[in-house]
Student: 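Can you read through this structure? Questions will come right after.
Start at 1 with the first residue, then count along the sequence.
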Amino acid sequence: MRTVFREQLIELILKTGMLDEKQIASIMLEKQTTGKTTEQILIDRKIIKKEEIGRILEEYYKVPYIDLTKLELEDKKLLRIIPEQIIRKYRVLPVSKKDNVITIAMSSPNDIVALEDMQIVTGYTVKPLVALESSIVDIIEKFYVLDAVEESVKEPVIDKASLKDIEASNEKEVISKAPLVKLVDNIMAEAVRLKASDIHVEPQEKSIFIRYRVDGLLSTKELLPKAIQSALTSRIKVMAEMDITEKRFPQDGQIRTNIQKRDIDFRVSTLPSKYGEKIVIRVLDKSSFALGIENLGFPPETQTRFEQILNAGSGIILVTGPTGSGKTTTLYSVLNRIKSSTKNIITLEDPIEYGLLSGKARESGITQVQINSKIGFSFAKTLRASLRQDPDIILVGEIRDEETCRIAINAALMGHLVFSTIHTNDAVSTINRLLDMEIEPFLIASSLIGVLAQRLVRTLCSHCKEMYHPPKAVLESLNLKSNEFKEIKFYRPKGCKYCDNIGYKGRIGIFELLTINESIRDLILGKAKLSLFREVSGKNGMITMKSNGVQLVARGITTMAEIFRVLPADL
C-alpha cells in the first residue's frame with residue numbers, strides 16, 4: 001500500500017524528537033515482515049498512544065480527527081454518492097450527510113483540488129475530517145469488491161433453457177457476455193483483495209462452492225447456483241486458453257490480467273469429478289511479491305549466517321519444507337540478492353511462477369527454463385544441458401530423485417553454486433534424506449554447505465488480538481524455565497472486521513539454518529543419528545524453527561497454536 005500519509009505521520013512524530021532515523025528503518029522492516037500498519041507499530045512500541053494519533057493529526061491539519069475503526073457504515077448508499085474512481089484517487093470516505101452538507105474522511109484534508117472535485121461531482125458542501133489512510137483504504141477495498149460480487153451473484157447469468165441449448169461451437173460467444181464475465185472477474189478480484197493464494201471452484205450435487213485459500217487455510221465465501229456451472233466453467237477455461245469441449249481429462253492453463261492496477265497471473269487447473277470439473281486457480285500477484293531477504297522475517301542471527309553462506313563460490317544450498325511453506329519465495333529472494341550482470345544464473349523450474357527479470361529490459365544475467373516432463377525435458381536432463389551453458393549459479397526447482405541429486409552435487413563439486421529444494425521435516429533430516437537416495441556420505445560432506453528449513457505461520461490481526469494466560473501444560477511444552485514464563489506475553493486471535501472475523505491476517509516465516517562445518521561433516525561421514533546431529537547443530541548456534549516460533553509468540557506476532565499446527569510433533 002502507498003504510504004505517503006503514513007510517512008508524513010512519522011515525520012510529524014520525528015519533529016517531536018521521539019524517533020530517529022534508525023528507529024524509522026526498524027519500523028519499516030517490521031511493517032514489511034508482519035503486515036502491520038505503521039501507526040500500529042508506533043502504538044505497539046509505545047512511541048505514541050492510540051489516542052495521541054488523533055491529536056497529532058488534528059494539530060497538523062486543523063480539522064477534527066475521526067477513528068474509522070469505530071465507524072459503522074449502516075447506509076451503504078453514502079459510498080455511492082461519490083464515484084469510485086474519485087474515492088480511490090483521493091483516498092476519501094463519505095461518513096455522513098445532513099441536508100446539503102456531506103462529511104468526508106480524508107487522508108489529506110488540506111488537498112484543495114480533492115475538496116473542489118468532490119463538491120463539483122456531488123453538488124454538496126464538503127466538510128472534511130482527517131483519518132488514517134490505512135483505515136480508509138481497508139473500508140474502500142472491502143466495500144467495493146464485496147458489493148460487486150454480491151450484485152453479480154444476484155444477476156441472472158444464463159437461464160436453464162439456454163444452458164441446455166449451448167453447443168461447443170457457439171458457447172464462447174455466449175459466455176463472453178455480461179453478467180457472467182462480471183461474475184468471474186469479481187471472483188478473481190475478491191481473491192486479490194483477500195490476498196488468497198488459491199481459488200477453488202468446487203461443484204457439488206446442488207450448488208457450486210467458491211472457496212479461497214487465505215494464509216494457508218481454505219474457507220468458503222460464495223455459494224453459486226448449479227444452473228450456471230457449465231457456463232462458469234467454460235468462461236474460466238476460455239480465459240485460460242483451454243479446450244472447452246474436453247471435459248474428460250485434466251487441463252492446465254494460465255490467465256494474465258490487471259486487477260486494481262496490479263499485474264496478476266492466475267494458473268488454472270481442471271480436474272474431472274463426480275459433479276463436474278473442479279477448478280483450482282493459483283493466484284500469483286507479481287506486485288506484492290517481495291524479493292528481498294530482509295523481507296522474509298529471518299531472526300537476525302539466522303539471516304547473518306545465511307547471508308554468509310551465500311557468499312560461497314561453490315557448493316549446494318538446500319531449502320526444505322512442505323508444499324506451500326514459501327520455499328520458492330525464499331529462493332527467488334536469494335537470486336534477487338546475488339544476481340549480477342557479471343554472473344550467469346540459470347533456473348530450472350516446474351512451473352516458472354514469476355519472471356525474475358520481467359519488465360526489466362536493461363537487466364541481464366538470469367535465464368529461466370521451464371521443465372516439461374511430458375516430452376522428456378526433465379530436471380536431470382535439463383540440468384545436464386545447463387552445465388554446458390557456462391553457469392555460475394544454478395537453481396534446480398526441486399530434487400525429486402537420485403539422478404537429479406547426483407548431477408546437482410557434481411555441479412557443486414565442479415565449482416558451481418547450486419540451489420534447490422527438497423521435502424523433509426527439518427534441516428537435519430535433509431542429510432538422512434540424501435543418504436536414503438544412496439548418495440555417498442563423502443559426496444554430501446564435500447558439496448553441501450547449508451540447509452534452510454522453513455514453515456509459514458499466520459500472524460495475529462493487530463486490531464483485535466487479546467492477551468491471555470495460557471494453561472500450565474502449554475507452558476511446560478515450550479521447555480522454558482519458570483522465570484522465562486513471566487517475560488512472554490501470550491496473545492490469541494479474537495476476530496474483527498479487519499480480518500474477516502478470523503483473528504489472523506498475513507503470514508510470516510519461521511526458519512532454522514544448518515550450516516555445514518567440520519563437526520557436522522564428521523557426523524555425515526559417520527552416518528550419525530539424527531539426535532546427535534541436532535545436539536551438535538544446537539551447540540553450533542542453530543536456532544530451531546520451534547525456537548524461532550517462540551520468539552514470534554513472545555513478540556505478539558503469532559500464537560503457539562500456529563507453531564504447533566505447522567511443525568511435526570517431534571520437533
Side-chain angles (χ1 to χ4, degrees), residues 293 296-321 325 327 330 334 409 412 419-436 439-455 457 475-485 487-488 508-555 558 560 563-564 566-571:
I293 291 177
L296 298 177
F298 280 115
E301 308 95 307
T302 303
Q303 181 173 333
T304 299
R305 296 173 67 205
F306 190 51
E307 289 179 340
Q308 287 174 347
I309 66 172
L310 294 182
N311 293 325
S314 63
I316 185 167
I317 299 173
L318 298 176
V319 179
T320 184
S325 60
K327 300 187 297 295
T330 296
V334 166
I409 286 176
F419 295 94
S420 191
T421 68
I422 195 168
H423 289 281
T424 59
N425 281 339
D426 62 348
V428 170
S429 300
T430 301
I431 295 172
N432 269 16
R433 178 78 180 97
L434 296 176
L435 291 171
D436 289 343
I439 305 299
E440 291 80 359
F442 74 91
L443 289 177
I444 300 173
S446 302
S447 60
L448 190 64
I449 57 178
V451 182
L452 179 73
Q454 64 181 72
R455 299 287 192 280
V457 295
L475 296 174
E476 290 175 348
S477 70
L478 301 180
N479 296 322
L480 298 176
K481 298 177 182 177
S482 58
N483 63 336
E484 292 179 299
F485 294 155
E487 299 177 6
I488 298 180
I508 192 172
I510 56 174
F511 304 89
E512 68 181 31
L513 177 64
L514 174 67
T515 53
I516 310 301
N517 55 21
E518 288 304 319
S519 58
I520 298 296
R521 288 192 182 94
D522 289 341
L523 295 179
I524 294 173
L525 293 172
K527 296 185 178 181
K529 294 182 178 180
L530 280 179
S531 57
L532 188 55
F533 272 109
R534 291 191 176 113
E535 178 184 341
V536 173
S537 60
K539 291 179 180 179
N540 290 340
M542 184 181 81
I543 299 173
T544 65
M545 285 185 287
K546 185 175 181 179
S547 296
N548 184 193
V550 172
Q551 291 174 359
L552 297 180
V553 172
R555 291 165 55 193
T558 190
M560 285 309 306
I563 306 302
F564 293 147
V566 302
L567 289 181
D570 58 340
L571 292 184

Student: Output every pair passing side-chain hydrogen bond (donor to acceptor under 3.5 Å, both in side chains) with a member in residues 441-455, not counting sequence neighbours, ordered by first then second residue.
Tutor: T330-Q454
Student: Among all residues two or more places apart in sequence or in another chain, which pass the salt bridge (charged side-chain N to carboxylate O under 4.0 Å, His left out) test with K539?
Tutor: E535
Student: Looking at V553 and M560, what are the two nearest heavy atoms and their distance?
Tutor: CG2-SD, 3.5 Å
Student: Report the distance from atom CD1 of I444 to atom CD1 of I316, rounding to the nearest 0.5 Å.
Tutor: 10.0 Å
Student: Donor-acceptor pairs under 3.5 Å, side chain of residues 511-519 to any protein atom, not counting sequence neighbours: which ones?
Tutor:
| unit_1 | atom_1 | unit_2 | atom_2 | d |
| --- | --- | --- | --- | --- |
| E512 | OE1 | M545 | N | 3.0 |
| E512 | OE2 | A427 | N | 3.0 |
| T515 | OG1 | R305 | NH2 | 2.8 |
| N517 | OD1 | S519 | N | 3.3 |
| N517 | OD1 | S519 | OG | 2.7 |
| N517 | OD1 | I520 | N | 3.1 |
| E518 | OE2 | R521 | NH1 | 3.3 |
| S519 | OG | N540 | ND2 | 3.2 |

Student: Where do L310 and I317 come nearest, in terms of heavy atoms and distance?
Tutor: CD2-CD1, 4.0 Å
Student: Working to the nearest 0.5 angstrom, can you tell me the gap between N432 CG and L530 CG?
Tutor: 4.0 Å
Student: Taking only residues two or more places apart in sequence, or in another chain, which ones meet S314 in a side-chain contact (heavy atoms from CB on, under 4.5 Å)?
Tutor: none
Student: Does I563 form a side-chain contact (heavy atoms from CB on, under 4.5 Å) with V550? I'd like the steps, not just the answer.
Tutor: CA-CA 8 Å; I563 306 302; V550 172; 5.9 Å; no
Student: Which pairs pass ring-ring contact (aromatic ring centres under 6.0 Å, His included) with one or both residues in residues 518-555, sequence neighbours excluded?
Tutor: none
Student: Can you see which heavy atom on K327 is nearest to which on V319, and at what distance?
Tutor: CD-O, 3.6 Å
Student: Applying salt bridge (charged side-chain N to carboxylate O under 4.0 Å, His left out), name anything that partners E301, two or more places apart in sequence or on another chain.
Tutor: none
Student: When rounded to the nearest 0.5 angstrom, what is the spacing between CD1 in I524 and CD1 in I431?
Tutor: 4.0 Å
Student: Under the salt bridge (charged side-chain N to carboxylate O under 4.0 Å, His left out) rule, what pairs show up with a residue in residues 419-433, not counting sequence neighbours?
Tutor: D426-R534
Student: What is the minimum heavy-atom distance between G321 and H423, and which atoms define it?
Tutor: O-ND1, 3.2 Å
Student: Applying side-chain contact (heavy atoms from CB on, under 4.5 Å) to D522 and V536, what does each step give before you reach the verdict?
Tutor: CA-CA 11 Å; D522 289 341; V536 173; over 6 Å; no
Student: Looking at every non-hydrogen atom in both residues, tell me the closest pair between A412 and G315 and how far apart they are.
Tutor: CB-C, 3.5 Å
Student: For Q303, check side-chain contact (heavy atoms from CB on, under 4.5 Å) against everything at least two apart and list the hits.
Tutor: I293, E294, F298, E307
Student: Calculate, to the nearest 0.5 Å, the distance between atoms CD1 and CG belonging to I449 and N311 respectively.
Tutor: 10.0 Å
Student: Please identify each residue that fulfils side-chain contact (heavy atoms from CB on, under 4.5 Å) with T320, with sequence neighbours left out.
Tutor: I422, T424, T430, V451, A453
Student: Rounded to the nearest 0.5 Å, how far does CG of L434 lie from OG of S429?
Tutor: 11.0 Å
Student: Would you give the length of the straight line joining atom CD1 of I409 to atom CG of L448, rounded to the nearest 0.5 angstrom?
Tutor: 8.0 Å
Student: Quick check: closest heavy atoms across N548 and G509, and the distance to 0.1 Å?
Tutor: OD1-O, 4.1 Å
